[in-house]
> 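What follows is a single structure, and I will ask about it in a moment.
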Number of protein chains: 2
Amino acid sequence: MTGGGGPGTGPAAAPAERRGRPRSAAVDTAVVETVLRLLEDGVGVAELSMERIAREAGVGKATVYRRWAGKEALMLDVLRSLDEAVPGPAGGCVRDDLVALLEFLRRRGLAKRSSAVLRTVVAQVQARPALWAEYHDTVVAARREAFEAVLRRGMASGEIRADLDTGLLTDLFVSPMLSRALFHEWRELPEGLSERIVDTLLEGVRPA
Amino acid sequence: MTGGGGPGTGPAAAPAERRGRPRSAAVDTAVVETVLRLLEDGVGVAELSMERIAREAGVGKATVYRRWAGKEALMLDVLRSLDEAVPGPAGGCVRDDLVALLEFLRRRGLAKRSSAVLRTVVAQVQARPALWAEYHDTVVAARREAFEAVLRRGMASGEIRADLDTGLLTDLFVSPMLSRALFHEWRELPEGLSERIVDTLLEGVRPA
DNA sequence: CCCATACGAGACGGGACCGTTCCGGAAGTG
DNA sequence: CACTTCCGGAACGGTCCCGTCTCGTATGGG
């Protein structure tokens, strides 16, 4: 239930030749996990003070500053910890693959934790572009690429119109799910939503 | 260029029987306008302190507190000031009305100011539901109703499939524009985008 | 074993902001 | 004109936070 908080969280690689006591890996995960939990609980990124993070993680403030230069650097690592593998195409028909990708968004990505993180990142698009860039490269890019790959396959097989831009198509498929997760606070994502979105988009809104 | 900051901004109605010097209406608009400008410049809602708002508006802090109980109440009035009339349907074909509504979103609503406000509000969905509720009732509801009215008209006239839910359809039309405005920082909203979204949705993604 | 380094805890000075209060002056009402 | 209320400015005590530093203790590599 901890999401993608596992390994790969280390903020900086040790340059070998370490004497003395090594740093505790548990501290890294505890801090990152605490930030995610607080965001999940609705604490805004600005109410998140380094002091509070350390307090709630049961960690000395100096220990946090020993690893991260400031809140910005810490947040970047938090975003990096969210890296998740997108499910590969099942190889069935394109329609089912699209539904599966949207279901992945609905279930794993947008249930609670990730919707909170997404809201937080969106709020920082203007003030801290680096934060958004990191989130885009780490999380968004892989998902978009997965969508576009399926769409290209559909275009090759004749299941998808080939005269459309895959970027725009990806927006058409993804953004309805995204908007609901952003605005409706991770409720209102009912079971059959993915199918309804995909089928409506495929069939078109105009009567046949 | 001041947007919807005009009348109706007063935080509380005067109960008549006022002696002494009346409150300056200029202060109300100056404060609200300053908040909007700061949000527009990328200042997060949490970096927005009452002290800073008063300073930048050239207004005494006590004067602000005389009108609003706190930041939450002030933000509610700021959102209320955003109320804008949605353009009525031109009465042409449904397709053109849908394009016109999306164009309204692209041009007026989502260029700069409103995208900043929307990001701010989204960030507060969890922490301050009242803020989101106010924004929804003031801004979102009217726009959604306009969309659904056009869609219902299209269903009656046979231009839109009648077996679909107007709420979901509205999401399909609106959210691609919304997502771009949220994520891409009010760039990347090119001229023909509205037409492309509407036509793709109408025609469908599957080949004919 | 020894020593360098990490650890939690907390003190430190500096700064920002909160919400209130007071001031001297301005501006309408009666 | 007298009076009441508002105005901008500024100060107040209080709280929280920042980033650094110092304790005394724990822990692992050489």
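Residue numbering restarts at 1 for every chain, and letters A, B, ... go by the order of the sequence lines.
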> Between B:R37 and B:E40 (salt bridge meaning N to carboxylate O under 4.0 Å), is one present in this structure?
no
> So does B:R152 pair up with B:E145, basic N to acidic O under 4.0 Å?
yes
> What's the spacing between B:T200 OG1 and B:E195 CD if we round to 0.5 Å?
11.0 Å
> Of the listed nucleotides (C:dC22, D:dC7, C:dC18), which one gets closest to any side-chain atom of B:A62?
C:dC22
> What is the distance from CD of A:E51 to P of D:dG19, rounded to the nearest Å?
10 Å
> Determine: side-chain N/O of B:R23 to OP1/OP2 of D:dC6, distance under 4.0 Å, yes or no.
yes
> Start with the C-alpha gap between B:T34 and B:E56, add the side-chain angles, then the distance that decides, and say whether side-chain hydrogen bond (donor to acceptor under 3.5 Å, both in side chains) holds.
CA-CA 7 Å; B:T34 298; B:E56 302 225 22; over 6 Å; no
> Taking atom CZ of A:R180 and atom OG of A:S115, what is their separation to the nearest 0.5 Å?
14.5 Å
> Of all the nucleotides listed (C:dA4, C:dC18, D:dC17), which has the minimum atom distance to the side chain of A:R55?
D:dC17
> NZ of B:K71 versus P of C:dG19: gap in Å, rounded?
9 Å
> Test B:T138 against B:E134 for side-chain hydrogen bond (donor to acceptor under 3.5 Å, both in side chains), laying out the working first.
CA-CA 6 Å; B:T138 304; B:E134 177 67 30; 2.9 Å; yes
> Each nucleotide N or O in nucleotides 25-27 of chain D that has a protein N or O under 3.5 Å away: list the pair and distance.
unit_1	atom_1	unit_2	atom_2	d
D:dA26	N3	A:R21	NH1	2.9
D:dT27	O4'	A:R21	NE	3.4

> I need the CH2-P distance between B:W68 and D:dC6, as an integer number of Å.
14 Å
> Return the nearest nucleotide to the side chain of A:S49; candidates are D:dC17, D:dC3, C:dC17.
D:dC17
> Base, sugar-phosphate or nothing for A:A54? Non-hydrogen atoms, less than 4.0 Å.
nothing
> From OH of B:Y65 over to P of D:dG9, roughly how many Å is that when rounded to an integer?
17 Å
> Rounded to whole angstroms, how far apart are CD on A:E56 and P on D:dC16?
13 Å
> Quick one: which of C:dA6, D:dC7, C:dG8 gets closest to the side chain of B:R67?
D:dC7
> At 4.0 Å (heavy atoms only), tell me whether B:G58 reaches a base, stays on the sugar-phosphate, or touches nothing.
sugar-phosphate
> Have a look at A:R66 and say if it touches a base, only the backbone sugar-phosphate, or nothing, with a 4.0 Å heavy-atom cut-off.
base
> Whole angstrom is fine here: how far is it from CD in A:E47 over to C1' in C:dC17?
14 Å
> What about A:K61: does its side chain form a donor-acceptor pair under 3.5 Å with the base of D:dG19?
yes
> Rounded off to whole Å, could you give me the CD1-to-C1' distance for the B:I53 and C:dA16 pair?
14 Å
> Under a 4.0 Å N-O cut-off, is there an ion pair linking B:E51 with B:R55?
no
> Could you go step by step and tell me if B:E203 and A:R161 meet the salt bridge (charged side-chain N to carboxylate O under 4.0 Å, His left out) rule?
CA-CA 10 Å; B:E203 293 295 333; A:R161 284 169 58 189; 5.3 Å; no
> Just the rounded figure in Å: distance from C1' of C:dA6 to CG of A:D28.
12 Å
> So, does A:S24 get its side chain near the phosphate of C:dA6, meaning an N or O under 4.0 Å from OP1 or OP2?
no
